[in-house]
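What follows is a single structure, written as structure tokens, with notes after it.
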Amino acid sequence: MPNKQLRAVVAIAAFMAGSACGAQQPAGSAPGPAADRGPDPRVQGLEEELGAAKRELEALKSESEQLRKSETELKVKADEAEALQKKLTEVVGKFGDVTTEDGMVRVELIDKILFPVGEADLTDNGREVLAQVGAALKDIEDKQVWVQGHTDDSPIVIRKPKKGEEAKAKKGDKNAKDAKDAKADPKAAKGEAPPEPNDAVLPFVTNWELSAARALTVVHYLQDEAKIDPSRLAAVAFGQYRPSSKSKAKNRRIEIVLYPRAKLAPK
């Protein structure tokens, strides 16, 4: 309690004691002039200060209780995040890193474990790693899972067809191929010259498409194979625009970020 308020309480107590002593008069004596003046203004002022001091004390007690409650909740969340980080670190092992920041848990997986170069189909090792990560995430129902795709800044390179693709493309006689091309290409149907043939395959036009496809591949795996509630999942593509290192190899990555799950109510 502040000194001013403490002095007010002491002054009230002293004044009231003094007033009680002074109020004793011999029996049968006439009341003095002080009895006609009513309550002493000084007493009223001190009583008001005492009331204000009590109210302020109650407010401080309430605020202190709220701070203790918030501190306890933050500690519980910090302990949960630390335990989750430890669990995921054991699962991820040498295939990536797990960090925590501002209540978020971030699992960073290097791309060469999950995908072949320039592709968005999971490798066998990638499936094994995601199976373990998915099993760990399934039990954490209070977290939403955002899968973020990242690439380096190398431009997409046109690749040659894989083994078997070229043979498949040449299958059929020339007439059937011409008829198919004419149907697929309006210019050819109108008698215009068709574009020059190109046997190159371009699955992803830019790094945006590649990062998006990889993020969606992981999301589909977590939903279909790991059986994670799809309402917790999201796929996000960043392309080459959020590098985490000067090393291109580290920039090619998938990040699985765990946020506190938002409670959405239908409107």
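What you see below is based on every heavy atom in this structure, not just the backbone, and it leaves out hydrogens, waters and symmetry mates.
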Query raised in the report: Tell me, which pairs form a ring pair (Phe, Tyr, Trp, His ring centres under 6.0 Å) where one or both residues lie in residues 213-238, sequence neighbours left out?
Result: H150-F238
Report task. Hey, could you give me each pair passing ring pair (Phe, Tyr, Trp, His ring centres under 6.0 Å) that has a residue in residues 130-149? Not counting sequence neighbours. Result -> W146-Y259
Report summary line: Note: L258 and L84 closest approach over all heavy atoms is CD1-CD2, 3.6 Å
**Report entry** Student check: side-chain heavy atoms of T123 and P116 closer than 4.5 Å
**Finding:** yes
**Report entry** Test item: side-chain donor near acceptor, D229 and S231, under 3.5 Å
**Finding:** yes
Report task. Evaluate whether atom CD of E82 has more than 12 neighbouring non-hydrogen atoms of other residues, nucleotides or ligands under 6.0 angstrom away. Result -> no
Report task. Decide whether F115 and L222 are clustered together by the hydrophobic rule: side chain heavy atoms of Ile, Leu, Val, Met, Phe, Trp, Tyr closer than 4.5 Å, transitively. Result -> yes
Query raised in the report: Could you state the interatomic distance from CD (E209) to CG (N207), rounded to the nearest 0.5 Å?
Result: 9.0 Å
Query raised in the report: Taking C-beta and beyond as the side chain, do Q148 and V257 meet within less than 4.5 Å on heavy atoms?
Result: yes
Requested in this report: Inspect the contact between E255 and R253 and indicate whether a charged nitrogen and a carboxylate oxygen are less than 4.0 angstrom apart.
Outcome: yes
Requested in this report: Looking only at non-hydrogen atoms, find the nearest pair between K248 and D153 and report the distance.
Outcome: CE-OD1, 3.1 Å
Query - Any V147 side-chain heavy atom under 4.5 Å of I254 side chain - result: yes
Requested in this report: Evaluate the side-chain proximity of V107 to L137: yes if any heavy-atom separation is below 4.5 Å, no if none is.
Outcome: no
Query raised in the report: Can you name the residues that form a salt bridge (charged side-chain N to carboxylate O under 4.0 Å, His left out) with R232, not counting sequence neighbours?
Result: none
Query raised in the report: If you look at every heavy atom in D111 and R214, which pair is closest and at what distance?
Result: OD2-NH1, 3.5 Å
Query raised in the report: Who passes side-chain hydrogen bond (donor to acceptor under 3.5 Å, both in side chains) against K112, sequence neighbours left out?
Result: none
**Report entry** For the student: nearest non-hydrogen atoms of G149 and A215, plus distance
**Finding:** N-CB, 3.8 Å
Requested in this report: Can you sort out the partners of E65 under salt bridge (charged side-chain N to carboxylate O under 4.0 Å, His left out), two or more places apart, ordered by chain and number?
Outcome: R68
Report summary line: ring pair (Phe, Tyr, Trp, His ring centres under 6.0 Å) filter on F95, not counting sequence neighbours, yields none
Query raised in the report: Considering residues, nucleotides and ligands other than D124, do more than 12 of their heavy atoms fall under 6.0 Å from its CG?
Result: no
